[in-house]
Amino acid sequence: MFTSSTEKIPETAPIPRHIAIIMDGNGRWAKQRFLPRMAGHKRGVEAVRNIVRGCAACGVRYLTLFAFSSENWRRPADEVSFLMRLFVIALEQEVSKLHENGVRFRVIGDLSRFEPKLASLIHAAEELTRNNDKLTLTVAANYGGRWDIVQATNRMLQERPELAAGFSESDLTPYLALSYAPEPDLFIRTGGEKRVSNFVLWQLAYAELYFTDTLWPDFDSVALERAIISYQQRERRFGRTSEQLPQVAELANQRRQAG
Ligand code: IPE
Ligand code: IPE
Ligand code: MG
């Protein structure tokens, strides 16, 4: 189990262990080029490929990408079915490459609404890559942060009915869809909007937030590096004062000793 940021102060490192991204702006990217929205989604898949590679190269261990929210079913039917087909094609084309590169692939979200073909491709990909550990790539599909908290609570109470009288954070967290990953250190949203749109609500408790106007299809390894550099300049206090941070306290100590 990983440290909960609210129960214990987590260790931090210059390279975020877990990056979670809302990949937004595909439609606008296409519109700017007088192309159909679908063209933007296609280019979005290429951006995914680059960012997975970029994360693996710089030592990020977990990458979680928001691909389809529980609210995205509200979109026009033709766009929804295009996105589903694109997901199938991407799985068919990319999974063996991910596997060769040591990437573990996982999907979080309510899969029950997906067509059987898509669901079985997802299961096969998860099965094939289950022993890989260079990078864990999670795709959030038909995912919603509220759905996750509710499904976790329901599953917990089903398995442990005695907890209906009261439960703690650590009782619940093993049932959350992302329980196999540490909490995201860095949250990125492309496309200019400054909202979380029902993404991993529980786990964002102490994530550093980074918003960029860059549209997702244009988000490349340079843009990723910029986000990581911004992250490296943050002071992650987890409720403490600046003076209490190990680096700052150490410096103060050295100064005291020097006289
Ligand atoms: C994000 O891009 C992709 C999905 C939500 C599937 P959008 O399709 O939301 O692009 P914009 O926000 O309309 O530009
Ligand atoms: C969030 O993007 C969901 C994904 C990127 C999958 P949206 O484009 O759907 O978000 P809103 O509707 O602008 O908040
Ligand atoms: Mg959008």
When rounded to the nearest 0.5 angstrom, what is the spacing between CG in Leu118 and CZ in Arg85?
12.5 Å
Using every non-hydrogen atom in the two residues, find where Ala177 and Ile108 come nearest and quote the distance to one decimal.
O-CG2, 3.5 Å
Considering all heavy atoms of both residues, which atom of Phe219 and which atom of Thr212 are nearest to each other, and what is their separation?
CE1-CG2, 4.1 Å
Interatomic spacing from CG in Asp220 to CZ in Arg226 - rounded to 0.5 Å:
7.5 Å
What pairs with Ser242 under side-chain hydrogen bond (donor to acceptor under 3.5 Å, both in side chains), at least two apart in sequence or on another chain?
Glu235
As an exercise, state the distance from CD1 of Ile51 to CD1 of Ile21, rounded to the nearest 0.5 Å.
6.0 Å
Could you check Ile15, Leu209, Ile19, Val60 and say which one makes a side-chain contact (heavy atoms from CB on, under 4.5 Å) with Leu186?
Ile19
Counting only N and O atoms by type, is there a donor-acceptor contact under 3.5 Å from the side chain of Asp218 to the main-chain atoms of Thr214?
no
Minimum heavy-atom distance between Asn26 and Pro217, given as atom pair plus value
OD1-CD, 3.4 Å
Those residues at least two apart in sequence (or on a different chain) that pass salt bridge (charged side-chain N to carboxylate O under 4.0 Å, His left out) with Arg256 are none
Would Val200 end up clustered with Leu135 when hydrophobic side chains under 4.5 Å apart are linked, directly or stepwise?
no
Provide the full list of side-chain hydrogen bond (donor to acceptor under 3.5 Å, both in side chains) pairs with a residue in residues 114-123, sequence neighbours left out, each pair given once.
Glu92-Lys117
To the nearest 0.5 Å, atom CZ of Arg237 lies from atom CD of Gln244 at 10.5 Å
Among pairs that include at least one residue of residues 228-259, which meet ring-ring contact (aromatic ring centres under 6.0 Å, His included), considering only residues two or more places apart or in two chains?
Tyr206-Phe238
Lys/Arg cation over aromatic Phe167: Arg160, 6.0 Å, 45° cone:
no
Exactly one of Trp73, Phe87, Tyr143 clears ring pair (Phe, Tyr, Trp, His ring centres under 6.0 Å) with Phe68, and that residue is Trp73
Taking only residues at least two apart or on different chains, which pairs with a member in residues 125-134 satisfy side-chain hydrogen bond (donor to acceptor under 3.5 Å, both in side chains)?
His99-Asn132, Glu127-Arg130
Looking only at non-hydrogen atoms, find the nearest pair between Pro16 and Asp185 and report the distance.
C-OD2, 3.6 Å
Between Gln151 (side chain only) and Tyr175 (backbone N and O only), is there a donor and an acceptor less than 3.5 Å apart?
yes
Test side chain to side chain contact (heavy atoms under 4.5 Å, CB included) applied to Lys8 - qualifying residues, sequence neighbours left out:
Thr3
Residues forming a side chain to side chain contact (heavy atoms under 4.5 Å, CB included) with Leu86, sequence neighbours excluded:
His41, Lys42, Val45, Phe82
What do you reckon, is CD of Glu169 surrounded by more than 12 foreign heavy atoms closer than 6.0 Å?
yes
Grab the two heavy atoms, one from Ala141 and one from Val107, that are nearest each other, plus how far apart they are.
CB-CG1, 4.2 Å
Rounded to the nearest 0.5 Å, what separates atom CZ in Phe199 from atom CG in Asp148?
10.5 Å
Which Ile, Leu, Val, Met, Phe, Trp or Tyr residues join Trp29 in one cluster when any pair of side-chain heavy atoms under 4.5 Å counts as a link?
Leu35, Leu215
Would one find more than 12 heavy atoms of other residues, nucleotides or ligands at under 6.0 Å from atom CZ of Arg240?
yes
What pair of heavy atoms forms the shortest contact from Val80 to Asn72, and how long is it?
CG2-O, 3.6 Å
side-chain contact (heavy atoms from CB on, under 4.5 Å) test vs Thr136 passes for just one of Arg106, Arg61, His18, namely Arg106
CD/Gln254: more than 12 non-hydrogen atoms of other groups inside 6.0 Å:
yes
For Arg43, salt bridge (charged side-chain N to carboxylate O under 4.0 Å, His left out) partners two or more places apart:
Glu46
Among Arg189, Arg195, Lys194, exactly one meets salt bridge (Lys or Arg N to Asp or Glu O under 4.0 Å) together with Asp24. Which residue is that?
Arg189
Tell me every residue that passes side chain to side chain contact (heavy atoms under 4.5 Å, CB included) with Phe2, counting only those two or more places apart in sequence or in another chain.
Arg17, Tyr62, Pro182
Would you confirm whether Glu208, through its side chain, and Arg234, through its main-chain N or O, come within 3.5 Å as a donor-acceptor pair?
no
Can Leu63 and Cys55 be said to form a side chain to side chain contact (heavy atoms under 4.5 Å, CB included), step by step?
CA-CA 7 Å; Leu63 173 64; Cys55 282; 4.0 Å; yes
Whether Asn101 side chain and Val103 backbone form a donor-acceptor pair below 3.5 Å
no
Would you kindly confirm whether Val150 and Trp202 end up in one hydrophobic cluster when ILVMFWY residues are joined by side chain heavy atoms under 4.5 Å apart?
no
Consider only side-chain heavy atoms of I, L, V, M, F, W and Y, link residues closer than 4.5 Å, and tell whether Val88 and Val139 are in one cluster.
yes
Verify, without hydrogens or angle tests, whether Trp216 (side chain) and Gly44 (backbone) share a donor-acceptor contact under 3.5 angstrom.
yes
Do Leu111 and Leu91 sit in one hydrophobic cluster, given that two such residues count as connected whenever their side-chain heavy atoms are within less than 4.5 Å of each other, even indirectly?
yes
Pairs meeting criterion side-chain hydrogen bond (donor to acceptor under 3.5 Å, both in side chains) with involvement of residues 47-58, two or more places apart
Arg49-Glu94
For the CD1 atom of Ile188 and the CG atom of Leu65, what is their distance to the nearest 0.5 Å?
9.5 Å
For Arg255, side chain to side chain contact (heavy atoms under 4.5 Å, CB included) partners two or more places apart
Leu251
Side chain of Gln232, backbone of Pro14: donor and acceptor closer than 3.5 Å?
yes
